[in-house]
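A quick write-up on the structure given underneath.
As the structure lists them, so they are numbered: ligands from 1, and atoms in each ligand from 1. Side chains included, hydrogens not; waters and symmetry mates left out as well; all remaining heavy atoms used.
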Amino acid sequence: MFPGSDTGSLAGAPAATAVFTAVLTEGPVSRVNLARRLGLSSAAVTKAARPLIDLGYLHEMAATERSGPGAGRPASPLAVRPDREFFLGVKITADELIGVVCDLCAQVRATARRPLTDPDVEAVLTEIGRLTDDLLDAFGGDRSRVRRLGITLSGDVDRTTGLVRYSPFLHWRDVPLGRRAAQSTGFTVTVENDVKALTAAEHWFGEGVGAESFALVTVGTGIGCGLVVNGRLVSGSYGVAGEIGHLAVDATGPDCHCGGRGCVESIAGTDAIVAQVRARTGRPDLGMDEAVALARGGHDEVRAVFTRAGNAIGCGIAAVANLVGPTRIVVSGEGLAAYDLFDSHIRTSFERQAFGAAARCPLSIRPLPFEAWARGAAAVSIQSLVLP
Ligand SMILES: [Zn+2]
């Protein structure tokens with residue numbers, strides 16, 4: 001995290017971090033329940049919550065709930081004040097910046113986009129500055145409550161230093177994006193890989209809330225995967241973990257851009273689907289939208305491409321279930337705009353390949369608008385407020 005005009009996180013002691021995180025992700029929650037869940041005394045919960053209440057981040061709700069059967073004292077649940085602070089989130093794609101303003105509970109309050117025509121670092125920073133101005137205009141609320149900016153992009157990103165080690169589509173290597181963006185915008189900046197950020201958003205504010213382990217699989221240009229195990233996002237000892245896009249599911253399959261063969265991404269990534277459809281129809285000009293239209297229109301050869309892609313994704317997801325055993329798996333991404341063409345094949349292939357009880361892991365398959373990626377960027381910024 002890179003302070004612009006601001007200091008670091010709010011949370012000091014581990015108890016304060018635990019209390020704030022629990023109320024933020026699962027609240028409103030009574031002190032009694034918090035104490036029980038976190039293994040703290042009621043006094044420790046009260047002590048941890050006090051500064052957060054004084055600063056206006058948490059508040060005590062009216063005492064409407066009893067602490068237990070027969071308990072005499074009413075419990076006053078602790079809850080978050082969503083309007084206490086707002087967060088900017090920006091997702092960088094190859095040709096566009098997508099931005100949101102979120103409140104403390106990661107609810108989107110405003111959105112904006114800007115085209116990106118030049119991948120040069122300086123040009124991208126300039127456009128990020130313009131986008132944040134657009135977002136603040138669209139937001140229209142109290143600007144003094146907007147102090148933090150989360151930025152995400154695909155590639156190899158070091159969240160702790162804000163360094164973009166490698167971005168394939170921007171052709172960046174070792175760009176200190178966190179520091180540079182903090183200097184140019186004045187915000188406290190957090191930078192994260194886009195799939196990890198989306199996973200963080202689902203873990204704290206979406207379907208992953210309360211799940212001990214959880215996986216998010218994204219389907220689009222790339223096939224990505226974020227893993228939460230024992231309540232923590234898995235980063236990988238070498239910076240790589242959960243790369244199901246590069247699991248080989250067909251040893252005689254197509255070459256992958258990673259240098260491997262028969263990877264899930266080489267069969268089910270958007271570019272791979274378009275290439276297969278072009279080859280089968282003899283139409284080199286076809287794009288993804290036309291491929292989807294042909295498949296929906298009943299073109300058997302094109303439908304077979306989507307079937308194969310869905311099967312490959314299902315195999316990749318089954319590997320996650322077999323290896324990690326997550327509580328649930330969410331499958332999402334802009335590629336699932338063609339959800340109807342994938343859904344049953346993903347499920348069938350998953351059920352076939354998942355071993356034994358691993359097949360009981362529920363799959364949630366749904367499309368994802370690009371604004372949800374930007375919300376992921378805002379979510380890591382919210383986390384930077386809470387986590388030490
Ligand atoms: Zn590969």
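R31 places no side-chain N or O within donor-acceptor distance of the main-chain N or O of L78, the cut-off being under 3.5 Å. For E290 (side chain) and G287 (main-chain N/O), a donor-acceptor pair under 3.5 Å exists by modelled atom type.
A donor atom on one side chain and an acceptor atom on the other are not found under 3.5 Å apart for R159 and T190.
Partners of F139 by ring-ring contact (aromatic ring centres under 6.0 Å, His included), not counting sequence neighbours, listed by chain and number: F86. Evaluation of the side chain to side chain donor-acceptor pair (under 3.5 Å) rule for D340 yields R296 as partners, not counting sequence neighbours. In this structure, R81 has no salt bridge (Lys or Arg N to Asp or Glu O under 4.0 Å) partners at least two apart in sequence or on a different chain.
Protein N, O or S atom count below 2.8 Å of the Zn ion (ligand 1): the structure gives 4.
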